[in-house]
Trainee: 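Provided herewith is a single structure, encoded as structure tokens, for subsequent inquiry.
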Amino acid sequence: MGTAVGSWRGATLAWVLVLLAGAEALENGLARTPTMGWLHWERFLCSTDCAREPLSCISEQLFMKMADLMVSDGWKDVGYEYVCIDDCWMSLTRDDQDRLQPDPERFPSGIRKLADYVHSKGLKLGIYADVGNKTCAGFPGSYGYYDLDAQTFANWGVDLLKFDGCNYGTQDQLAEGYRNMSLALNKTGRSIVYSCEWPLYMRPMQKPNYTEIKHYCNHWRNFADIYDAWNSVRNTLEWTALHQDSIVDVAGPGGWNDPDMLVIGNFGLSWDQQLTQMALWAIMAAPLLMSNDLRHISPQAKWLLQNKDVIAINQDPLGKQGYRISKDNNFELWERPLSGGAYAVAVLNRQEIGGPQIFSFSTSFLGNGLACNPACSIQQILPTSKDWGLHNWVSLLNVEVNPTGTVLLKVVVIGEFPDEKPVMNINKKPSPDIL
């Protein structure tokens with residue numbers, strides 16, 4: 001079944017807030033490309049009963065094991081760098097000096113020793129706190145303790161802070177809390193990536209000021225927590241596309257929109273849906289924070305998460321977030337400008353019934369007509385790597401895509417054709433099998 005496109009396009013140690021003309025991001029020298037790593041929440045939640053669930057409880061052993069595997073199984077080599085603790089690591093009370101403290105049974109060595117272990121592997125440690133009186137799971141929040149908590153994290157050797165927004169009080173307290181923690185981290189003199197959920201909690205009440213948010217945060221959550229199901233991934237993509245006019249342009253080196261964790265390698269997504277999440281997170285210049293069990297991950301999921309060509313798109317130094325340029329019946333066409341005048345292009349088939357379908361579009365539709373003008377080479381990245389050859393600015397591409405799947409392409413502009421004749425019309429049929 002063919003479909004034609006309908007068009008529309010809507011490191012320094014000290015943290016310094018740069019407000020000079022043209023400087024939009026928090027300039028702490030960090031997150032110049034989207035953060036990559038592993039985060040426990042979606043897969044392991046708030047499991048605290050280590051007697052009953054010794055292999056999945058939130059403990060120092062879990063994070064040490066993930067750090068080991070990130071090195072031994074090649075994750076570090078392809079760019080995954082941060083091992084991140086989410087909620088439920090704390091004791092239920094602060095210590096006698098009002099400092100946050102880890103649960104003594106699950107983290108008997110303390111966070112400083114855990115950070116040292118992670119650093120010894122050439123990795124970095126992330127931790128979690130909350131802007132309000134309590135975390136989302138009911139542990140002590142940072143309200144009233146921003147400076148103390150920031151210094152505690154710095155003393156422990158923490159490299160990233162995920163700062164949640166539960167139990168915050170008023171909107172003014174929410175905003176002031178996120179600003180104050182950013183400034184408090186700055187004062188410690190330690191380089192700590194600052195991951196905010198400021199717009200997620202602000203949006204129900206008022207429109208977020210993304211220019212201000214980017215002055216204070218390295219990346220920020222906009223939408224609901226992701227979970228291991230296609231409708232969650234689909235809803236995240238739809239929300240992003242519907243709000244792209246207000247969020248895409250603010251993203252760039254030092255500050256990124258965060259659509260939440262990668263759930264690839266778990267239980268709820270089909271293979272095609274896992275391809276879609278990886279491809280679109282690359283298009284969206286999203287932080288790549290896996291939440292899965294690296295001890296039990298399929299070779300197929302590992303291949304996808306470690307795909308160097310997809311990661312290269314995600315980490316492209318131009319730092320432009322991609323966007324949806326067409327939604328036609330069950331198909332979506334997304335593009336992302338890359339360095340050197342190249343483009344990443346994703347074709348998503350949203351249909352959840354039937355078999356593969358063909359989506360047809362002209363290369364003239366890409367990059368405002370510049371992506372293949374006068375000519376380009378096209379490489380298929382996902383679901384398999386294939387050379388689609390040379391094309392010109394009026395080539396018609398017919399792309400076959402599985403239900404809920406995505407075909408990811410890289411289009412590289414060529415100033416003029418070499419001697420060989422360009423391909424004017426193609427019908428590629430990517431295989432669903434990659435191994």
Side-chain angles (χ1 to χ4, degrees), residues 11-35 82 84 124 126-133 135-136 141-154 158-223 243 246-260 285-287 289 319 321:
T12 59
L13 289 179
W15 287 35
V16 182
L17 296 176
V18 177
L19 300 178
L20 298 175
E24 297 181 353
L26 173 63
E27 292 294 339
N28 56 4
L30 303 173
R32 307 311 298 171
T33 59
T35 303
Y82 289 84
C84 298
K124 296 179 179 180
I127 206 163
Y128 169 100
D130 192 282
V131 71
N133 289 304
T135 73
C136 298
S142 290
Y143 179 73
Y145 298 95
Y146 300 124
D147 288 293
L148 177 60
D149 289 354
Q151 190 61 57
T152 299
F153 298 145
V158 166
D159 305 292
L160 179 150
L161 172 62
K162 176 180 175 180
F163 207 43
D164 213 335
C166 285
N167 305 302
Y168 61 82
T170 68
Q171 285 285 312
D172 287 344
Q173 288 173 326
L174 175 75
E176 195 64 22
Y178 275 107
R179 295 187 200 104
N180 286 341
M181 182 55 86
S182 182
L183 296 171
L185 291 168
N186 172 42
K187 286 190 292 186
T188 70
R190 182 173 179 81
S191 294
I192 301 175
V193 172
Y194 187 37
S195 175
C196 302
E197 308 213 353
W198 187 351
L200 169 63
Y201 288 92
M202 174 172 285
R203 187 173 288 276
M205 304 299 178
Q206 64 186 79
K207 183 178 179 179
N209 181 341
Y210 283 101
T211 301
E212 179 185 27
I213 289 168
K214 191 174 181 179
H215 279 314
Y216 290 98
C217 305
N218 290 118
H219 37 88
W220 48 86
R221 287 273 311 284
N222 294 305
F223 190 58
H243 294 84
S246 63
I247 68 171
V248 165
D249 288 344
V250 74
W256 311 95
N257 291 293
D258 181 3
D260 211 6
L289 293 171
Q321 180 172 333

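All residue numbers refer to positions in the sequence shown, counting from 1. Since this is a predicted model, take the numbers as computed values, not measurements.
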Trainee: Just wondering, do D147 and K187 contact through their side chains at under 4.5 Å, heavy atoms?
Mentor: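 When only atoms from C-beta onward are counted, D147 and K187 do touch, with a gap below 4.5 Å.
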Trainee: Are any side-chain N or O atoms of S182 and backbone N or O atoms of R179, one a donor and one an acceptor, separated by less than 3.5 Å?
Mentor: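 Not a single qualifying donor-acceptor pair exists.
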Trainee: Please work out which of the three classes, parallel, tilted or perpendicular, describes the rings of W198 and Y178, given edges at 30° and 60°.
Mentor: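 Judged by the thresholds at 30° and 60°, the geometry between Y178 and W198 is parallel.
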Trainee: Please name the pair of heavy atoms, one in T35 and one in A31, separated by the smallest distance, quoted to 0.1 Å.
Mentor: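 Reported closest heavy-atom pair: OG1-CB, 4.2 Å.
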Trainee: Heavy-atom distance under 4.5 Å between the side chains of H219 and V193, does that happen here?
Mentor: yes
Trainee: Measure across G254 and R32 and return the closest heavy-atom pair with its distance rounded to 0.1 Å.
Mentor: CA-NH1, 3.7 Å
Trainee: In the structure I gave you, are the side-chain heavy atoms of Y146 and L185 within less than 4.5 Å of one another anywhere?
Mentor: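 They are not in contact (no side-chain heavy atoms under 4.5 Å apart), so the answer is no.
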Trainee: Just do the side chain to side chain contact (heavy atoms under 4.5 Å, CB included) check on M202 and N209 with the steps written out, would you?
Mentor: CA-CA 10 Å; M202 174 172 285; N209 181 341; over 6 Å; no
Trainee: When S191 is tested against each of L30, N28, D159 for side chain to side chain contact (heavy atoms under 4.5 Å, CB included), which residue passes?
Mentor: L30
Trainee: Within this structure, what is the NZ-CZ distance for the pair K162 and R221, rounded to the nearest 0.5 Å?
Mentor: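 Result: 6.0 Å between the selected atoms.
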Trainee: Which heavy atom of V248 sits nearest a heavy atom of Q321, and at what distance?
Mentor: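 Scanning both residues completely, I find the closest heavy atoms to be CG1-O, 3.6 Å.
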Trainee: For I247, does its backbone N or O pair with a side-chain atom of N257 as donor and acceptor, under 3.5 Å?
Mentor: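 Looks like yes, one N/O pair under 3.5 Å.
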Trainee: Quick check: do V131 and Y143 have side-chain heavy atoms less than 4.5 Å from each other?
Mentor: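 No - every pair of side-chain heavy atoms lies 4.5 Å or more apart.
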Trainee: Taking F163 as the fixed residue, which of S195, C196, S142 is the one that meets the side chain to side chain contact (heavy atoms under 4.5 Å, CB included) rule?
Mentor: S142
Trainee: Compare every heavy atom of F153 with every heavy atom of A129, then report the nearest pair and how far apart it is.
Mentor: CB-CZ, 3.9 Å
Trainee: With a sphere of 6.0 Å drawn around OH of Y210, does it hold more than 12 non-hydrogen atoms of other residues, nucleotides or ligands?
Mentor: yes
Trainee: In Å and rounded to the nearest 0.5 Å, what is the CG to CG distance from N180 to D149?
Mentor: 12.0 Å
Trainee: Which heavy atom in P199 sits nearest to a heavy atom in N222, and how many Å separate them?
Mentor: CG-OD1, 3.4 Å
Trainee: Can Y201 and D164 be counted as having a side-chain donor-acceptor contact under 3.5 angstrom?
Mentor: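 A donor-acceptor contact under 3.5 Å links the two side chains.
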Trainee: Could you check K124 against L160 for side chain to side chain contact (heavy atoms under 4.5 Å, CB included), going step by step and ending with a plain yes or no?
Mentor: CA-CA 8 Å; K124 296 179 179 180; L160 179 150; over 6 Å; no
Trainee: What heavy-atom pair brings P34 and A285 nearest, and what distance separates the two atoms?
Mentor: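 Smallest heavy-atom distance, with atoms named: CG-O, 3.4 Å.
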Trainee: What distance separates Q173 CD from N167 CG, expressed to the nearest 0.5 Å?
Mentor: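 Between Q173 CD and N167 CG, I get 11.5 Å after rounding to 0.5 Å.
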Trainee: With heavy-atom distances below 4.5 Å as the criterion, would you say the side chains of K214 and W220 are in contact?
Mentor: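 Yes. Closest side-chain heavy atoms under 4.5 Å.
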Trainee: Side-chain contact test, heavy atoms from C-beta onward, threshold under 4.5 Å: evaluate it for Y194 versus C217 and give yes or no.
Mentor: yes
